[in-house]
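Everything on this sheet refers to the single structure shown next.
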Amino acid sequence: MEHGALVLIEIGALLLGIALLGRLASRLGISPIPLILLGGLAFGEGGLLPLESGEEFIEIGAEIGVILLLLMLGLEYTAQELLGNLKGSRTAGVIDMLLNATPGALLALMLGWGPVAAIALAGITWISSSGVIAKMLHDLGRISNRETPVVLSILVIEDLAMAFYLPLLTAVLMDLGFATGAITVIVAAAAVIVILWIAFRHGHVVSRLVWSRSAEILLLSVLGLTMLVAGIAAQASVSSAVGAFLVGIAISGPVAHHAQRLLTPLRDLFASVFFLFFGLSTDPADLLPMLGPAVALAVVTMATKLLTGYYAARRAGIGEAGRWRAGFALMPRGEFSIVIAGLAVAAGLDRSLAALATAYVLITIIAGPLLARLPDAPWFSAWTKRVQADRRRRQRAATA
């Protein structure tokens, strides 16, 4: 069969398959991402029917998917909201890193993968999935809840931390040495500071630059600017996704609202392609040996994320139920965990790391949205009300 026709057939079949998996996930009441990952495993390397002709398109689409996920998250914020949330959640951000990066690093050392793999696995377990969590909060109708800004501020701190972590990880993976690695991190930090400065001081100029009454021109302007900044950020050894997030921060007001409406279908399409690509590039045979460690790691780090969210919400003065909702919401890992695993394996680390990351992400993405529904259950709500009432009684007794 002609190569061009085969590419179209494979891509069409994959997109149709994603649509069918999305319908099934909707009926099951879960995120479609785990099903898409499983679909990728079935038709990828070592799967039932490996597909190769459309791999280049899927790979490029996957990169665009990560960029659009972070752009859309950035559009949810203004620069002032970002600054306020960051100031209020600094301590929670540090605790988040310590609680959630440590288990990953320890497991890598226990498995004998060495200190470089420990740094990579620490990042995999540290970073929650901004894309999955944002979609989950929307699906559960919690966007306007009091605890949601706390959840989003933790995600923002993590995403910004990636601007420093990813260059450091790249330097370590490539064995660049202290001086070269330090320069890489400094350049990355400078790039983030410049983009942040533009977002804070000249965001209105950026908004005017991309604004148009024509939906077509607005879409092309936002996409073009995002891809340009993402490319420049990547060239400066900063995550392209972080660059896209900061573009979203810089765009505000009616421009952000219209851009969100236009970009949502594209984000959903390319985000699905991203998770499909990771499944396609992972051999299912590698998953079985890593299933036990992945389950243990998921149990530990979902518990530490629960503690992180609970603590952050308590510091913000959120009620008992909101604290639990915040903790459960932070559990899923996703795009950054997979990106980190991909970088590590591409640099020559043990391929088992990618298998562990895939199994780990699958477990947290399936369990996270299901557990996030617990605080809405009548019995859980009644329990949190009793806990809050008991706490108030003890406080009154202590002050009496």
Contacts of Ser381 meeting side chain to side chain contact (heavy atoms under 4.5 Å, CB included) (sequence neighbours excluded), chain-then-number -> none

For Gly334 and Val361 the tightest heavy-atom approach is CA-CG1, 4.0 Å

- Check: Ile64 and Met227 side chains under 4.5 Å, non-hydrogen atoms: yes

Query raised in the report: Got Ile217 and Val210 here, is their nearest side-chain heavy-atom distance under 4.5 Å?
Result: no

Sequence neighbours excluded, the answer for salt bridge (charged side-chain N to carboxylate O under 4.0 Å, His left out) partners of Arg142 is Asp376

Residues Ala341 and Ala354: closest non-hydrogen pair is CB-CA, 4.3 Å

Closest non-hydrogen contact found for Gly104 with Leu121 is O-CD2, 3.1 Å

task = Please assess Leu356 against Leu107 for the test side-chain contact (heavy atoms from CB on, under 4.5 Å), listing each intermediate value before the final yes or no.
result = CA-CA 11 Å; Leu356 175 62; Leu107 179 62; 4.1 Å; yes

Point to revise | Ile365 vs Ser129 side-chain heavy atoms within contact, under 4.5 Å | key: no

Q.
Working note: Ile133 + Leu137, criterion side-chain contact (heavy atoms from CB on, under 4.5 Å); need CA distance, chi angles, decisive distance, verdict.
A. CA-CA 6 Å; Ile133 292 171; Leu137 293 174; 4.0 Å; yes

* To do: Verify, without hydrogens or angle tests, whether Arg267 (side chain) and Met72 (backbone) share a donor-acceptor contact under 3.5 angstrom.
  => no

Counting only pairs under 3.5 Å, give me each side-chain donor-acceptor contact of residues 270-277, with atom names and distances, residues two or more places apart or in other chains.
from   : atom 1 : to     : atom 2 : distance (Å)
Ser272 : OG     : Asp268 : O      : 2.9

- Could you label the plane-to-plane angle of the Trp211 and His258 rings as parallel, tilted or perpendicular, counting under 30° as parallel and over 60° as perpendicular? tilted

query = Do Thr102 and Leu106 have side-chain heavy atoms sitting under 4.5 Å apart?
reply = yes

Got Leu349 and Trp113 here, is their nearest side-chain heavy-atom distance under 4.5 Å? no

- prompt: Considering only heavy atoms from C-beta outward, does the side chain of Met302 approach that of Leu306 to under 4.5 Å?
  reply: no

Across all chains, not counting sequence neighbours, the side chain to side chain contact (heavy atoms under 4.5 Å, CB included) partners of Thr301 are Pro103, Thr125, Leu297, Thr304, Arg333, Tyr360

Review point. Side chains of Phe328 and Leu370: closer than 4.5 Å at any heavy-atom pair?
Key: no

Determine whether Ile95 and Leu155 fall in the same hydrophobic cluster, where Ile, Leu, Val, Met, Phe, Trp and Tyr are linked whenever their side-chain heavy atoms lie under 4.5 Å apart.
-> no

Q | Asp96 side-chain N/O to Thr308 backbone N/O, donor-acceptor pair under 3.5 Å | A | no

Give the intermediate values and the outcome of salt bridge (Lys or Arg N to Asp or Glu O under 4.0 Å) for residues Lys305 and Glu158. CA-CA 13 Å; Lys305 279 292 181 183; Glu158 290 179 352; 2.5 Å; yes

request  = Might you work through the side-chain contact (heavy atoms from CB on, under 4.5 Å) test for Val94 and Ile157, ending with a clear yes or no?
outcome  = CA-CA 9 Å; Val94 173; Ile157 290 173; over 6 Å; no

Practice task
Compare all side-chain heavy atoms of Trp379 with those of Leu374 and state whether any distance is below 4.5 angstrom.
Solution key: yes

Paired with Val206, the side chain to side chain contact (heavy atoms under 4.5 Å, CB included) test is passed by just one of Val255, Ile251, Val247, namely Ile251

Answer with yes or no whether the hydrophobic clustering places Ile60 together with Leu266; edges join I, L, V, M, F, W, Y residues whose side-chain heavy atoms lie under 4.5 Å apart.
-> yes

Residue set satisfying side chain to side chain contact (heavy atoms under 4.5 Å, CB included) with Val387, at least two apart, ordered chain then number -> Glu320, Trp383, Arg391

With sequence neighbours left out, the residues meeting side chain to side chain contact (heavy atoms under 4.5 Å, CB included) with Ala382 are Arg386

Should Leu269 and Val222 be regarded as members of a common hydrophobic cluster, given that ILVMFWY residues are connected when their side-chain heavy atoms come within less than 4.5 Å of each other, either directly or indirectly?
yes

### Check against side-chain contact (heavy atoms from CB on, under 4.5 Å), Leu8 and Ile11
CA-CA 5 Å; Leu8 292 176; Ile11 292 173; 5.6 Å; no

Out of curiosity, does Trp126 fall in the hydrophobic cluster containing Val116 (side-chain heavy atoms, cut-off under 4.5 Å, transitive links)? yes

